[in-house]
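Have a look at the structure below, then the notes.
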Amino acid sequence: MDRQTPKNNLMDRFLNAIEKAGNKLPDPAVLFLALLLLTWLLSSLLAPIDFGAIDPRTGEKLFIQNLLTGEKLADFLSRMIAVFINFPPLGVVLLAMLGVGVAEYSDYINAGLKYLLSFTPQILLTPIIILVAIVSHTAADAGYVLVIPLGGIIYYAAGRHPLAGIAATFAGVSGGFSANFIPSAIDPLLQSFTQSAAQIIDPNITLNPLNNIFFTGLSSIVVITVGWYLTDKVIEPRLKRTTTVDENLSDLPKMEQLKPEEKTAFKIASLVMVLGLFGLFFWAYPEDSSLRSESGEITSFAAPLMRSIVPFIFLIFWIPGIIFGFLSKNYKTSADVIASMSKSMGGMSHYIVMAFFCALFIDSFAQSNIGAMIALKGASFLQSLHLPSQVTVISIVFLSAIVNLLVGSASAKWALISPIFVPMLMQLQISPDLTQAAYRVGDSVSNIITPLNPYFPLVVIYCQKYIKKTGIGTLVSIMLPYSIYLLFIWTVFLLIYWTLGIPLGLQSSYEYLP
């Protein structure tokens, strides 16, 4: 069969063009360096212009900051080490990979995959891994460093295209960021900004931190359904036609039967993991637990548990990995454990280089206020159009998706534009809960196609484990259908949900008005 894309397949031709153009871009590290220099240039050109924008966070005028002044350049150089070291994904990725590396190179993960694939029907593999990816939102950024690479390993072990597994889990973790039936730290964080914005109109209003939990829970069905269809019917068939997994791949699971000593080792190591999880549960359960915040919350960003998710992931995989390695005779001495940790870090060398330039660019872009200015001007323009309420809700979804390409942080964007959107829609008898839900949809769907997502380069690295020539264009072309389908289908779901008058979440003091 000809492996070239069929000429009559419009979507394939479009995605191939995206991939070809994207892969002509320089290495991601060089791209981030170029974007850093471009940000400096634009900041110097735009700084003298008074855009007349008021920063709702401070109540003061918002100006573009010129980053090419002597003072700013000196500040950039003095903070360079701190910016790199404190780049949030860097420590998360490296620490998690130290633990996962031990579990992987001891063959503990390989043994677990064999058990999983022995009873999971092939037809249900995609929805199950997307469901796991969605649930991983609860554990902060765990999905990026654990679930996404496992998606590729699981598909490869099952004889399917590994990049399809990475795409499906990436869509669940990042594209479906606001689809979860389990409360997470992002819920009260966004609610706090929504409530402050709503109090501009009604000072007495109070919103429930879980004011979107019903909608986000049902949205998980939308994300799983869309992801299942696209992965099995669109993405994987295209990948099989256009890409070939590299030959002679090492350190990847094979589907031989487990040896008796491996079965025993797996059961003992897994029992230790389960006991560890039970121990964590009983540590966190008491209301006065040291893992809770001062107010007793466990899902708050202030809770030590939420700040310790990645160290717990490290321990939960590191300890069982060591136990399995020695019991199965894959590890002979402690030097083998250290060697596996070193090996996992060796695979991260390219990511560390990319992270350096990515951290500098994202920090400078935030310092320049260019992204904040675009967000405010876009929101003000939408407000000036005086559109019907249904069209306004749709516009918020689309504007949020576009702004997300430039400003990555969900809370930072909402802090900027919620004081515009929430009061505006309240005057149209649209609840703050609905406005927040519309924002969350738009904020999620474009996560998987923006290189400004700090984890995007990491996903490229995961793909290069199977196909070394994978570039930014390859990943964007794979993820673009997920983004487009989710944007339109999720928005339609929101409108139907709103029209039927179904509660979005736990009751707030503001009456829900469909």
Side-chain angles (χ1 to χ4, degrees), residues 57 85-93 95-96 99 134-147 173-174 177-199 203-217 220 275-317 408-416 418-419 422 432-433 436-437 439-440 443-444 454-455 504-510:
R57 299 167 296 185
I85 293 176
N86 295 321
F87 186 49
L90 184 63
V92 169
V93 170
L95 179 58
I134 288 174
V135 173
S136 72
H137 300 158
T138 310
D141 295 330
Y144 289 102
V145 297
L146 181 61
V147 179
V173 170
S174 196
F177 184 69
S178 288
N180 201 349
F181 47 86
I182 301 175
S184 65
I186 195 66
D187 293 301
L189 181 63
L190 293 181
Q191 172 267 342
S192 65
F193 292 117
T194 307
Q195 178 168 292
S196 297
Q199 288 174 346
N204 298 318
I205 192 171
T206 56
L207 303 180
N208 193 296
L210 300 181
N211 60 336
N212 283 164
I213 191 63
F214 300 155
F215 173 73
T216 57
S220 62
L275 291 175
L277 292 173
F278 270 110
L280 178 60
F281 172 79
F282 287 113
W283 183 8
Y285 183 76
E287 293 184 0
D288 60 347
S289 170
S290 56
L291 291 176
R292 294 176 178 265
S293 66
E294 293 183 359
S295 59
E297 296 177 341
I298 202 165
T299 58
S300 166
F301 278 114
L305 176 63
M306 298 307 296
R307 299 200 304 267
S308 305
I309 287 294
V310 175
F312 280 130
I313 290 175
F314 165 76
L315 293 173
I316 286 172
F317 281 87
S409 170
S411 58
K413 287 192 301 292
W414 194 227
L416 278 169
S418 61
V422 173
D433 303 330
Q436 179 180 292
Y439 167 74
R440 296 182 74 168
D443 176 63
S444 298
Y455 288 103
L504 290 160
L506 299 182
Q507 187 65 42
S508 298
S509 67
Y510 184 88

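- Contact of the Phe312 side chain with the Leu277 side chain is not registered, since no non-hydrogen atoms from C-beta on lie closer than 4.5 Å.
- Contact between Leu291 and Leu280 at its shortest, heavy atoms only, is CD1-CD1, 3.8 Å.
- The heavy-atom pair separating Asn212 from Arg440 by the smallest distance is OD1-CD, 3.5 Å.
- To the nearest 0.5 Å, the span separating CD1 on Ile213 from CG on Asn180 amounts to 7.0 Å.
- Between atom CD of residue Gln199 and atom OG1 of residue Thr194 there is a gap of 11.0 Å, rounded to the nearest 0.5 Å.
- Considering every non-hydrogen atom in both Ala197 and Ser418, the closest pair reads CB-O, 3.4 Å.
- The aromatic rings of Tyr285 and Phe281 sit tilted relative to each other, their planes meeting at an angle between 30° and 60°.
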Determine, stepwise, if the pair Trp283 / Ser290 fulfils side chain to side chain contact (heavy atoms under 4.5 Å, CB included).
-> CA-CA 8 Å; Trp283 183 8; Ser290 56; 3.1 Å; yes
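- Two residues are said to be in side-chain contact when any heavy atoms from C-beta on lie closer than 4.5 Å; Leu305 and Arg292 fail this criterion.
- To the nearest 0.5 Å, atoms CD (Gln436) and CZ (Phe193) are separated by 11.0 Å.
- The two atoms that bring Ser308 and Pro311 nearest to each other are O-CD, 3.2 Å, heavy atoms only.
- Closest approach of Ala284 to Ser289, counting heavy atoms only: CA-OG, 3.5 Å.
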Evaluate side chain to side chain contact (heavy atoms under 4.5 Å, CB included) for Asp433 paired with Leu207, printing each intermediate quantity in order.
-> CA-CA 8 Å; Asp433 303 330; Leu207 303 180; 3.8 Å; yes
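- Residue Phe314 comes nearest to Leu95 through the heavy atom pair CD1-O, 3.5 Å, listed as atom of the first residue, atom of the second, then distance.
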